Student: 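Sending over a structure as structure tokens; questions will come in a sec.
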Amino acid sequence: MRAARGPGVVRHHEGSGKREERTSMTEPAQSLPPEPERVLPVDDTGDGDGKGIYWVLKNVLIGPPVRRVFRPKVEGAEHLPAHGPAIIASNHLSYADWIFMPLVVRRRVTFVAKSDYFTGAGIKGRFQRGFFKGTGQVPIDRSGGSASEGAIRAGMKVLERGELFGIYPEGTRSHDGKLYKGRTGVARLALEARVPVIPCGVIGTDVVAPPGKVVASVASPTIKFGEPLDFSRYEGMEGDRLILRAVTDEIMYKIMELSGQEYVDMYATKAKQLEGRATTGAPKKVRKTDT
């Protein structure tokens, strides 16, 4: 199953019927061109929350030194829309993913984060709240539902404002560098919001910052973006679990092509549990998981 190439980012899409061109893993990566030295206007398409902080962090405080030291590379930047809503679905190797991927995107990318980061008190709490808002994070609203429901509600608000929403379909970082089965929330969000999905493969961030370490190595990670995936043919079918699984699997396949990772048809959380039990010798428990 293949998605038609989207003609841009609009709320409704028509497929062109053209055959997709696969991104070669052997194509040379290109260094991200330097940011223009003029002062850019702050993006005012959203609610204004943290926009100024985001610009300062990306273009003054964090972005320039990170570019200079790590020299991140990017491929397929032309697939990113210049305006309008879209979902960027990426693999997740390191906490540094949410630094490097947005750094190579001209527009702001918004992610969800635990609400704990936004409720702190005192000077530290205000700083933490401002930092996470400024770096494109929004709290997960858990009221009346699970964390996944909160993430979908938060994503819908971002997309309704015409912005870019970043999501990690695996739901957690890969503990061994492999690509794991995607959660169907990304498919549901894409179908309900009627927006394209930009697959993204991040390579090398686990070398820069592996689990448990802030920075372990100075290396140049590569961020690859694929052609927009248009799922308008499934409009009105967001309640069908089989459709959601098919859409999610298609997204994960594209991410796999971009990242070059080995794919494991198991949720990352389950794989971590099994590895932990194997290490401790605890008996395995069998429990039902969602599709």
Side-chain angles (χ1 to χ4, degrees), residues 1-3 20-30 32 70-77 79-80 87-105 109 111 165-187 190 196-213 215-229 244-276 278 289-291:
M1 177 170 58
R2 288 188 180 274
E20 290 186 354
E21 297 178 357
R22 294 188 177 182
T23 303
S24 171
M25 297 301 296
T26 59
E27 291 179 357
Q30 299 176 348
L32 183 71
F70 295 98
R71 299 184 180 276
K73 300 173 183 178
V74 61
E75 293 181 11
H79 298 312
L80 294 167
I87 298 169
I88 300 180
S90 175
N91 59 328
H92 199 12
L93 294 173
S94 166
Y95 83 89
D97 295 337
W98 64 266
I99 296 177
F100 286 107
M101 190 266 273
L103 190 63
V104 302
V105 179
V109 183
F111 296 86
F165 183 69
I167 190 169
Y168 299 114
E170 292 169 278
T172 186
R173 286 178 290 177
S174 172
H175 62 289
D176 57 7
K178 297 177 182 178
L179 183 68
Y180 286 89
K181 187 176 182 179
R183 302 281 179 173
T184 56
V186 61
V197 178
I198 314 296
C200 174
V202 177
I203 304 169
T205 54
D206 55 337
V207 176
V208 174
K213 295 186 178 180
V215 175
S217 175
V218 177
S220 296
T222 299
I223 299 89
K224 297 184 178 183
F225 298 101
E227 293 187 3
L229 302 177
L244 294 180
R245 172 46 57 196
V247 169
T248 303
D249 288 346
E250 183 172 342
I251 294 170
M252 298 309 294
Y253 181 79
K254 293 299 180 182
I255 293 175
M256 180 188 70
E257 286 188 316
L258 293 167
S259 69
Q261 292 170 278
E262 177 184 345
Y263 179 76
V264 180
D265 191 26
M266 178 188 298
Y267 292 123
T269 50
K270 180 67 172 179
K272 289 179 181 179
Q273 290 174 359
L274 293 177
E275 182 175 284
T289 59
D290 58 353
T291 57

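Quantities reported herein were computed from a predicted structural model and do not represent experimental measurements.
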Student: Are R245 and K181 packed together at the side-chain level, in the sense that at least one heavy-atom pair is separated by less than 4.5 angstrom?
Tutor: yes
Student: Between S90 and P169, what is the shortest heavy-atom contact and its length?
Tutor: O-CD, 3.3 Å
Student: Is there a side-chain contact (heavy atoms from CB on, under 4.5 Å) between V197 and K254 once you walk through the steps?
Tutor: CA-CA 11 Å; V197 178; K254 293 299 180 182; over 6 Å; no
Student: Residues two or more places apart in sequence or in another chain: which of them pass side-chain hydrogen bond (donor to acceptor under 3.5 Å, both in side chains) with S94?
Tutor: none
Student: Dump the intermediate steps for side-chain contact (heavy atoms from CB on, under 4.5 Å) on Q261 and K178, then the final yes or no.
Tutor: CA-CA 6 Å; Q261 292 170 278; K178 297 177 182 178; 5.6 Å; no
Student: How far does CD1 of I198 sit from CD1 of I87, to the nearest 0.5 angstrom?
Tutor: 9.5 Å
Student: Could you pull out all residues at least two apart from Y180 that satisfy ring-ring contact (aromatic ring centres under 6.0 Å, His included)?
Tutor: H175
Student: In Å and rounded to the nearest 0.5 Å, what is the SG to NE2 distance from C200 to H79?
Tutor: 11.5 Å
Student: From Y168 OH over to W98 CH2, what is the distance, rounded to the nearest 0.5 angstrom?
Tutor: 9.0 Å
Student: Give the minimum heavy-atom separation between F100 and P72, together with the two atoms involved.
Tutor: CD2-CB, 4.0 Å
Student: My understanding is that only residues two or more places apart in sequence, or in another chain, count here; which of them pass side-chain hydrogen bond (donor to acceptor under 3.5 Å, both in side chains) with T248?
Tutor: none
Student: Between the side chain of E170 and the main-chain N/O of H92, is any donor-acceptor distance below 3.5 Å?
Tutor: yes
Student: Rounded to the nearest 0.5 Å, what separation is found between the CG atom of L258 and the CE atom of M256?
Tutor: 10.0 Å
Student: Of the non-hydrogen atoms in V202 and S259, which two are nearest, and what is the gap between them?
Tutor: O-CB, 4.5 Å
Student: Within a strict 4.5 Å, meaning less than it, do heavy atoms of the L103 and F70 side chains meet?
Tutor: no
Student: For T205, run the side-chain contact (heavy atoms from CB on, under 4.5 Å) check against I223, D97, T222 and tell me which one passes.
Tutor: D97
Student: Where is the tightest heavy-atom contact between V207 and A216, given as atom of each residue plus distance?
Tutor: O-CB, 4.0 Å
Student: Could you state the interatomic distance from CD1 (I88) to CZ (F111), rounded to the nearest 0.5 Å?
Tutor: 7.0 Å
Student: Distance only, no hydrogens: is a donor on one side chain within 3.5 Å (strictly under) of an acceptor on the other, for R183 and T269?
Tutor: yes
Student: Kindly compute the distance separating OH (Y267) from CG (D265), expressed to the nearest 0.5 Å.
Tutor: 9.0 Å
Student: Without swapping roles, check the side chain of S217 against the backbone of V208 for a donor-acceptor pair under 3.5 Å.
Tutor: no
Student: Are L229 and P199 side-chain neighbours, meaning at least one heavy-atom pair lies under 4.5 Å?
Tutor: yes
